[in-house]
Number of protein chains: 2
Amino acid sequence: MSSRDTGTEQLIKNTAKHLFFAEGKLHATTQEIADAAGVNRTLVNYYFRSRDILFDQVFNEAQEDLFQTLDDVFESDMPFKEKIKNLISVFLKEAMQFPYRELFIITEMNRHDVINAKKARIQKVNTFLEEIQLEMDKGTIKTMNPRHFAINLFSLMAYPLVTAPLNRILFGMNDEDYSALMEERKQLIFEIIFL
Amino acid sequence: MSSRDTGTEQLIKNTAKHLFFAEGKLHATTQEIADAAGVNRTLVNYYFRSRDILFDQVFNEAQEDLFQTLDDVFESDMPFKEKIKNLISVFLKEAMQFPYRELFIITEMNRHDVINAKKARIQKVNTFLEEIQLEMDKGTIKTMNPRHFAINLFSLMAYPLVTAPLNRILFGMNDEDYSALMEERKQLIFEIIFL
DNA sequence: TTTAAGTTTGACAAAATTGTTAAACAAAAG
DNA sequence: CTTTTGTTTAACAATTTTGTCAAACTTAAA
């Protein structure tokens, strides 16, 4: 860090994340980011050199944050059911704040050409899948390809928040009502996934 | 139509839809669209006047197509379970071809300021919700807010296709394997939703 | 208080994207 | 064949977005 830190660099980055992940403004311009942050646009270049570099940083941190959250949950020493309950609680909380984070990751992957994950990452996923398989063997959850279990879990958590603007309209609900509906899902998803 | 139809207008629109809905290139430029269609860029202006108008048309048609698909399924005269089986089959097929269509709708809604649905549309949704409620009363499906049932259903169908690029990497699967996994879901989702 | 280093700003330049126009072209109608 | 009408193209213009730079500013250290 430099000798004098005004927090502007973080402010810009956080504002960008808010526009991308929270508001779903997936193609915000540097001007829009600067305006939202209340700073001069050239500061984006001063701190990040270019728009692309800012995007890359946000992209990488989004991935790291997501993986960190999942790792924290899975490397904790709990019985499987507890882990899942915890995962739902933690993930849904983050997803309610940043519903479009995964979407941003996906669309950025589509813009460039798809990257491949680190071996360590894939290993962790496999460990999770094995843990799921173990539960199936125990009979706690319905038998299927463990990937389906993981896919189901994340679909049930993430998608309703992505489609919130559309759902609110179709269901005739305001923000508050819809949030309440999402809260209910913590319990509901757990019940669907097990049993 | 005009006296001489070269099909170029449709070609441009279809190519745009393919970039947006199939490839997830949610912010393709007119040049990228023209290139993908193999036509001169100015034809986009000739046929659509402006980029915005093209986007608006694609947006409206995406919504119409989505709703039409759902209406066709729900206004058909079948028992509930059959309808759902049919919905899964039809929707998943479309979603495999155009995984990002709903996403495009959502992000366009976020770019402008959210529109409100026609009353007729909301009425149809309510009819569907009532039908779900009826099934719950009959005991065919787990009792919950019918909106959850609808949300669960669409989440399980749509999200795995949206996150395909990420999932393929994390699960170490190629396109073919992942498609096979998605095929399996037709049956799987049905089993999760009922019971 | 002067200096030095980082920060912020506005003016400007460059690049990317979109839109316009006139002319060339192609095909159907007269 | 000529005319008419719709289509396509290339050159150009306008706009939007991004990037650069020097000067002004601010604060900490000398």
Side-chain angles (χ1 to χ4, degrees), chain A residues 1-21 23-62 100 104 107-113, chain B residues 1-21 23-62 100 104 107-113:
Chain A
M1 287 298 137
S2 24
S3 70
R4 204 176 350 146
D5 185 354
T6 56
T8 305
E9 183 170 358
Q10 270 304 317
L11 172 64
I12 292 171
K13 203 189 285 179
N14 288 341
T15 305
K17 285 180 178 177
H18 191 268
L19 285 175
F20 298 152
F21 307 161
E23 295 185 28
K25 301 269 170 62
L26 261 29
H27 18 301
T29 64
T30 54
Q31 185 67 66
E32 288 170 322
I33 296 168
D35 287 350
V39 304
N40 190 296
R41 182 183 58 81
T42 53
L43 289 178
V44 174
N45 291 297
Y46 177 70
Y47 285 110
F48 300 94
R49 299 193 70 83
S50 78
R51 180 181 191 273
D52 274 352
I53 293 174
L54 170 60
F55 268 60
D56 284 352
Q57 278 195 27
V58 169
F59 173 78
N60 285 326
E61 290 180 17
Y100 301 103
F104 178 85
T107 57
E108 285 300 299
M109 287 177 79
N110 286 336
R111 262 175 21 106
H112 312 90
D113 284 311
Chain B
M1 286 299 135
S2 24
S3 71
R4 201 172 357 139
D5 185 355
T6 55
T8 305
E9 183 170 358
Q10 270 303 318
L11 172 64
I12 291 171
K13 202 189 286 180
N14 288 341
T15 305
K17 286 179 179 178
H18 191 269
L19 284 175
F20 299 152
F21 307 160
E23 296 185 29
K25 300 269 170 65
L26 261 29
H27 18 303
T29 64
T30 54
Q31 184 68 255
E32 288 170 323
I33 295 168
D35 287 350
V39 304
N40 190 296
R41 182 182 59 81
T42 52
L43 288 178
V44 174
N45 291 298
Y46 177 72
Y47 285 109
F48 299 95
R49 298 191 70 82
S50 77
R51 181 181 190 272
D52 273 354
I53 294 174
L54 171 59
F55 267 60
D56 283 352
Q57 278 194 29
V58 169
F59 173 78
N60 286 325
E61 290 180 18
Y100 302 103
F104 178 84
T107 57
E108 283 301 300
M109 288 176 77
N110 287 336
R111 263 177 19 107
H112 312 87
D113 283 312

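Each chain gets a letter, A, B and so on, in the order its sequence line appears, and its residues count up from 1.
Look at CG on B:Asn40: it is 17 Å from P on C:dT21, rounded to the nearest Å. Between the P atom of C:dA5 and the CG atom of A:Asp5 lies a distance of 18 Å, rounded to the nearest Å. Counting to the nearest Å, the P atom of C:dT9 and the CG atom of A:Asp35 are 12 Å from each other. Between the C1' atom of D:dT16 and the NE2 atom of B:His27 lies a distance of 16 Å, rounded to the nearest Å. At whole-Å resolution of the value, CZ in A:Phe48 and C1' in C:dT7 are 14 Å apart. Protein atom CG of B:Leu11 is 14 Å distant from nucleotide atom P of D:dT7, rounded to whole Å.
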Can you check side-chain contact (heavy atoms from CB on, under 4.5 Å) on B:Thr107 and B:Arg111, steps first, answer last?
-> CA-CA 6 Å; B:Thr107 57; B:Arg111 263 177 19 107; 5.9 Å; no
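Evaluation of the ring pair (Phe, Tyr, Trp, His ring centres under 6.0 Å) rule for B:Phe104 yields B:Phe20, B:Phe21 as partners, not counting sequence neighbours. For B:Glu61, the salt bridge (Lys or Arg N to Asp or Glu O under 4.0 Å) partners are B:Lys13, B:Lys17, not counting sequence neighbours.
At least one side-chain heavy atom of A:Phe59 sits under 4.5 Å from a side-chain heavy atom of A:Met109. With contacts defined as side-chain heavy-atom distances shorter than 4.5 Å, the pair A:Tyr46/A:Thr8 does not qualify.
Listed by first and then second residue, the ring pair (Phe, Tyr, Trp, His ring centres under 6.0 Å) pairs involving residues 25-44 of chain B are A:His27-B:His27 (not counting sequence neighbours).
In terms of heavy atoms, A:Val39 sits closest to A:Leu11 at CG1-CD2, 3.9 Å.
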Might you list the N or O atoms of the protein lying below 3.5 Å from N or O atoms in nucleotides 16-19 of chain C, with each pair's distance?
| from | atom 1 | to | atom 2 | distance (Å) |
| --- | --- | --- | --- | --- |
| C:dT18 | OP1 | B:Arg51 | NE | 2.4 |
| C:dT18 | OP2 | B:Thr30 | N | 2.9 |
| C:dT18 | OP2 | B:Thr30 | OG1 | 2.8 |
| C:dT18 | O4 | B:Arg41 | NH2 | 3.4 |
| C:dG19 | OP2 | B:Asn45 | OD1 | 3.4 |
| C:dG19 | OP2 | B:Arg51 | N | 3.0 |
| C:dG19 | N7 | B:Arg41 | NH1 | 3.1 |
| C:dG19 | O6 | B:Arg41 | NH2 | 2.7 |

Return the polar atom pairs (N/O with N/O) between nucleotides 25-27 of chain C and the protein under 3.5 Å, or none.
| from | atom 1 | to | atom 2 | distance (Å) |
| --- | --- | --- | --- | --- |
| C:dA26 | N3 | B:Arg4 | NH1 | 3.4 |

Do any side-chain atoms of residues 47-56 of chain A form donor-acceptor pairs under 3.5 angstrom with protein atoms, and if so which ones, sequence neighbours left out?
| from | atom 1 | to | atom 2 | distance (Å) |
| --- | --- | --- | --- | --- |
| A:Ser50 | OG | A:Asp52 | N | 3.4 |
| A:Ser50 | OG | A:Ile53 | N | 3.2 |
| A:Arg51 | NH2 | A:Ala28 | O | 3.0 |

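Distances shorter than 4.0 Å separate none of the side-chain N or O atoms of B:Tyr46 from OP1 or OP2 on C:dT21.
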